[in-house]
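Data first, discussion second: the structure below is written as structure tokens.
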Amino acid sequence: MLEKLKEEVYKANMDLVKHGLVIFTWGNVSGIDREKGLVVIKPSGVDYDVMKPEDMVVVDLQGNVVEGNLKPSSDTPTHLAIYRAWPEVGGVVHTHSTFATGWSQAGLDIPNIGTTHADYFHEAIPCTADMTEEEVKGAYELETGNVIIKRFEGMNPMHTPGVLVKNHGPFAWGKDPHDAVHNAVVMEQVAKMASIAFAANPNLTMNPLLVEKHFNRKHGPNAYYGQ
């Protein structure tokens, strides 16, 4: 079942290692088949060195395991909340990459202060609010998804395809698992750049015209970047 998507999700998970976004088992990628309403996701706590495409777990949008001998990622409810909320999303990534996690632990948005950021994220990459005691002690992973969705009220999640969960770490998404990983890699890089830039100049500013120019030349109605 969904063998092509399993291979795609497996490769996307391995790309997290390739790009240095995860160590040990600190990350996961999922992908969705919208026609079937089924999600393929990395199994929980399985080392990347031994993981295989057939280890990927298939779940429905309510989190029921449809196929697989292993338990799905513990973050599955967060992924599913994002898929249910935003039908444009085709892949979701969660990591504990160093610089993006540093910003999430600081509880700060990553401001849009450079053209690299603006090429991929229209707004500041937002950080969620503190989770309440009820959210933490309840269906924690589901509530993590809910606080992400709440933070994006009034924002286009496909124009800013990433978030920092406060005190936790980054999530990113895209049109498919590969695109989601790409956005996660860029988010880590812009988090690193922002860390360096603010250390060098805490009073820096960004020209808003450059934000609009760089975002729209890739994503606007008259986009012209690329072949």
Side-chain angles (χ1 to χ4, degrees), residues 8-9 12 16 21 27-35 37-41 59 61-63 73 75-97 100-101 103-104 107-113 116-131 135 141-191 194 208 211-212 214-221 223 225:
E8 185 179 1
V9 169
L16 295 183
L21 293 194
N28 43 71
V29 183
S30 68
I32 188 170
D33 183 316
R34 287 287 179 184
E35 289 186 4
L38 297 175
V39 171
V40 174
I41 194 165
V59 299
L61 281 168
Q62 288 68 50
S73 167
D75 294 307
T76 297
T78 310
H79 289 237
L80 297 181
I82 291 171
Y83 287 127
R84 290 193 298 265
W86 299 328
E88 307 93 335
V89 172
V92 177
V93 175
H94 172 50
T95 75
H96 289 246
S97 61
T101 300
W103 282 81
S104 74
L108 297 172
D109 299 353
I110 304 173
N112 194 338
I113 56 168
T116 308
H117 184 133
D119 279 338
Y120 291 88
F121 302 93
H122 186 245
E123 311 289 341
I125 299 170
C127 187
T128 63
D130 285 310
M131 294 184 74
E135 288 167 341
E141 289 82 8
L142 171 60
E143 295 297 349
T144 298
N146 290 338
V147 299
I148 291 170
I149 294 157
K150 183 176 181 181
R151 183 64 180 81
F152 272 79
E153 289 177 0
M155 293 177 63
N156 184 333
M158 300 310 287
H159 285 182
T160 303
V163 70
L164 306 174
V165 176
K166 189 175 180 184
N167 307 125
H168 185 171
F171 282 80
W173 48 85
K175 65 181 184 294
D176 54 41
H178 172 78
D179 189 45
V181 170
H182 191 86
N183 290 330
V185 173
V186 174
M187 176 160 43
E188 175 64 7
Q189 285 301 112
V190 299
V211 172
E212 296 305 317
H214 273 260
F215 184 80
N216 285 307
R217 71 177 190 156
K218 273 194 168 185
H219 308 285
Y225 179 90

Checklist entry - Does K150 NZ have over 12 foreign heavy atoms under 6.0 Å away? => result no

Next on the checklist: Test your reading of the model: is there a side-chain donor-acceptor pair from W103 to the backbone of L164, 3.5 Å cut-off?
Outcome noted: no

Next on the checklist: Does any part of the side chain of T116, heavy atoms only, come nearer than 4.5 Å to the side chain of Q189, both counted from C-beta?
Outcome noted: no

Checklist entry - Heavy-atom distance under 4.5 Å between the side chains of H79 and D75, does that happen here? => result yes

Next on the checklist: For a quick test of reading the model, state the closest non-hydrogen atom pair linking G162 to I125 and the distance between them.
Outcome noted: O-CG2, 3.7 Å

Checklist outcome for this item: For S104 and C127 the tightest heavy-atom approach is O-SG, 4.2 Å

Next on the checklist: Other residues, nucleotides and ligands only: do more than 12 of their heavy atoms fall within 6.0 Å of NE2 on H178?
Outcome noted: no

Checklist entry - Hey, does the side chain of T128 reach the backbone of V147 with a donor-acceptor pair shorter than 3.5 angstrom? => result no

Checklist entry - Under 3.5 Å, side chain of T78 to main-chain N/O of E141, donor-acceptor pair present? => result yes

Next on the checklist: Looking at D33 and L38, would you say the former's side chain and the latter's main chain have a donor-acceptor pair under 3.5 Å?
Outcome noted: no

Next on the checklist: Looking at N112 and A124, would you say the former's side chain and the latter's main chain have a donor-acceptor pair under 3.5 Å?
Outcome noted: no

Next on the checklist: Any side-chain to backbone donor/acceptor pair from Y83 onto V92? Under 3.5 Å, distance only.
Outcome noted: yes

Checklist entry - With a 4.5 Å limit on heavy-atom distance, are the side chains of I41 and L80 in contact? => result no

Next on the checklist: The test is side chain to side chain donor-acceptor pair (under 3.5 Å); show your working for E188 and S97 and say whether it passes.
Outcome noted: CA-CA 7 Å; E188 175 64 7; S97 61; 2.8 Å; yes

Checklist entry - Quick one: are M158 and V89 in side-chain contact, heavy atoms under 4.5 Å? => result yes

Next on the checklist: Going by ring-ring contact (aromatic ring centres under 6.0 Å, His included), H159 matches just one of F152, F215, W86. Which one?
Outcome noted: F215

Checklist entry - Hey, does W173 have a side-chain heavy atom less than 4.5 Å from the side chain of E88? => result no

